[in-house]
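Not measured: the values here are computed from a predicted model.
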Amino acid sequence: MKKIALSLIATLAIADTIQDGLSYLNSIRENTGLNSLSLNSILETSSYNHSYYLITNNEVGHYESSVNSNFTGITPSDRMVYSGYNNYNTSENIAFGSESYIHAIDSLMTAIYHRFGFLSFDINEIGFEKYEDESYYYKSVYTFNMGNTNLVDVCNSSYGEFTGKYYYDVCVDKELKIPSEDYNNALNTLKISNSNIITYPYDGELNFNPVFDDTESPDPTPNLGISGNPISIEFNDYYIKDVTLNSFKLYDSSDNEIEVKVLTSKNDTNEKLTAHQFVIFPIKRLNWNSNYRVKSNFMVDGEELNKEFTFKTKSINYPLIEVIQNNQTLNIESNKEYAVSVNSSLIEKIEALSTKFFGTCNVDIFDVNTLKISADNKCFIYLDNDITINLEIVADDGLVAIEDVQITLPPTIVETPETNIVNLNINSGWNLLSIPVDTKSYDSSSFGEYKSIWMYFEGAWNLNPSMLNSGNGFWINASEDSTVKFQGDSYKPELSNLSSGWHLLGTGDSLNESNFESDDIVWIYRDEVWSLTKDINIGNGFWVKRK
């Protein structure tokens, strides 16, 4: 059994019912030549129990600790038996951070060890459930438990005295002796009904994910990083006993060979693959909406076998633009959605972004190298590694220069009498700051060049808020040293009615110990140094924990 944890932060929202997920997984299995799976309520219960355990104990992985709350069993098999499943020969897949059952399955199918779990020759039932909590790092856990009804039936049987070989330690009654013939027949019944060779993608697949995001644990390709979605071939060990790989190659629609890494049981450092499983990882991600051909050659039980099949990668429903150099300007139509592919030579994986805009700019991470964008005016997108993308609006014919388009500038700051002028110094890198004057809101784009701003309010993080309020602290990752001038009245934050827990606050006046309760814990971050102090300066952000 393979017990492997997958971490994935998903970005695409798809249908989210168990029946949708079951239909989707069965469509994959049936197209590869495998039997469909039925839902088992006991396995659903055990799946929910583990998803709930992981989030409530803030953990990841397949194992539980008996000292934690909501414990139902150390191993996946233990938890399924705890829920009432009468067999220990089971398997489990987990996806973290997905937004639907379909997307969780899609994500696991790009993770090769998990894929083989879903495409097993000897399972015929499954249960899966999710649990979600915004306070959990990944937000959600989707657990999938799988089993074989034939093995359960064997465990539910009674056997009189018999001679010969037998199995034990596989049922709830671990002392139960099962004739080896009965046990092997239970396993082989499903294998006999399935194809002797399966591939994924299957021949004629039209919706293959083009990328593997390198988040599977353990990592099947530790020296490769982001790559193309792996392509796999597996032989049914009921029909085929001995397999030797001669060649396994991938070609594009022009018949150009694509560089790949071959993974087999002989070079799998994690020792998860069997001698009947073979995989290639394209060194670079595959293209969207593109056709590919696989050609392979094996020696199978002493005879040569050629296996060829074709597939097509997913299509994007938006115009696709590629960013191939830093500080590249993209001309787009106003309020039209685009997919922007960022060349992997610039950034291997997009994990976070920030924007500065003059109007409305919507940017989402579509996948590890692709953004989904729309804007109604000029916009700048900042990625890690100091990568900048400039968006400029053009007319429908694409011939009108940006200078000819009306630009709406940020609101003008209303100046107050210069009796209270505060210069807020911002250093390159991370700063913990606050608005130093009393104003209802302040346009965050007025801070100049920055990579990201994070605000923590009422127990939740907010990335790149368009407006900031006095009294709230915020983190800003600035691109360069700068000074911002503020004019307005001074103020002190409201500290008397703080609830218990952590708060990120700011101040427009100096604070000292007299402003806090005696057991308040207060931290500031200034000049790249953390300090535990209740002496706070104007414009500082600070963390306070109220008991």
Side-chain angles (χ1 to χ4, degrees), residues 352-358 380-388 409-457 461-495 502-516 520-544:
L353 58 87
S354 62
T355 59
K356 180 182 178 183
F357 53 88
F358 303 91
F380 304 93
I381 304 171
Y382 304 101
L383 306 175
D384 290 338
N385 297 339
D386 296 323
I387 303 300
T388 302
L409 296 175
T412 302
I413 300 173
V414 179
E415 295 193 0
T416 57
E418 296 193 2
T419 54
N420 186 36
I421 300 174
V422 181
N423 290 322
L424 186 65
N425 295 321
I426 303 176
N427 299 322
S428 175
W430 285 104
N431 302 259
L432 182 54
L433 303 173
S434 64
I435 304 300
V437 298
D438 191 10
T439 177
K440 290 184 178 179
S441 59
Y442 183 80
D443 190 339
S444 58
S445 67
S446 300
F447 280 115
E449 300 292 335
Y450 63 83
K451 298 177 182 178
S452 60
I453 293 179
W454 288 90
M455 185 175 70
Y456 183 82
F457 184 67
W461 284 103
N462 185 5
L463 174 61
N464 297 326
S466 59
M467 307 300 288
L468 295 167
N469 299 324
S470 299
N472 293 332
F474 58 88
W475 288 96
I476 178 170
N477 188 2
S479 301
E480 58 188 8
D481 293 347
S482 63
T483 300
V484 182
K485 178 181 177 181
F486 290 85
Q487 293 176 309
D489 296 329
S490 62
Y491 73 95
K492 291 183 179 179
E494 179 57 56
L495 298 172
W502 285 103
H503 305 270
L504 180 54
L505 304 177
T507 182
D509 202 350
S510 297
L511 303 176
N512 55 44
E513 192 163 351
S514 65
N515 299 109
F516 296 92
D520 282 346
I521 299 173
V522 185
W523 286 93
I524 66 169
Y525 182 82
R526 184 188 300 154
D527 298 326
E528 299 183 344
V529 175
W530 283 101
S531 300
L532 183 61
T533 180
K534 293 181 180 178
D535 291 321
I536 314 295
N537 295 331
I538 295 172
N540 282 163
F542 60 93
W543 286 99
V544 56

Hey, does [Y] have a side-chain heavy atom less than 4.5 Å from the side chain of [X]?
X	Y	result
Leu432	Trp543	yes
Leu495	Leu505	yes
Ser470	Phe486	no
Lys492	Leu511	yes
Met455	Leu504	no

Taking atom [atom1] of [X] and atom [atom2] of [Y], what is their separation to the nearest 0.5 Å?
X	Y	atom1	atom2	answer
Trp454	Ile476	CH2	CD1	14.0 Å
Ile453	Trp475	CD1	CH2	13.5 Å
Tyr450	Tyr382	OH	OH	8.0 Å
Asp438	Asn469	CG	CG	10.5 Å
Ile435	Ile538	CD1	CD1	13.5 Å
Asn515	Asp535	CG	CG	9.5 Å

Between Ile521 and Trp502, does a side chain to side chain contact (heavy atoms under 4.5 Å, CB included) hold up when you go through it step by step? CA-CA 9 Å; Ile521 299 173; Trp502 285 103; 4.1 Å; yes

Looking at [X] and [Y], would you say the former's side chain and the latter's main chain have a donor-acceptor pair under 3.5 Å?
X	Y	answer
Asn512	Ser514	yes
Asn431	Gly429	yes
Ser434	Thr507	yes
Thr355	Phe380	no

Results of side chain to side chain donor-acceptor pair (under 3.5 Å) for Tyr491 - residues two or more places apart only: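 Partners of Tyr491 by the side chain to side chain donor-acceptor pair (under 3.5 Å) criterion come out as none, since no residue qualifies.
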
Which pair of non-hydrogen atoms, one from Leu424 and one from Gly539, has the smallest distance, and what is that distance?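 For Leu424 versus Gly539, the nearest heavy atoms are CD1-O, 3.8 Å.
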
Without hydrogens or angle criteria, can the side chains of Asp481 and Ser428 be said to hold a donor-acceptor pair below 3.5 Å?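 No, Ser428 and Asp481 have no side-chain donor paired with an acceptor closer than 3.5 Å.
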
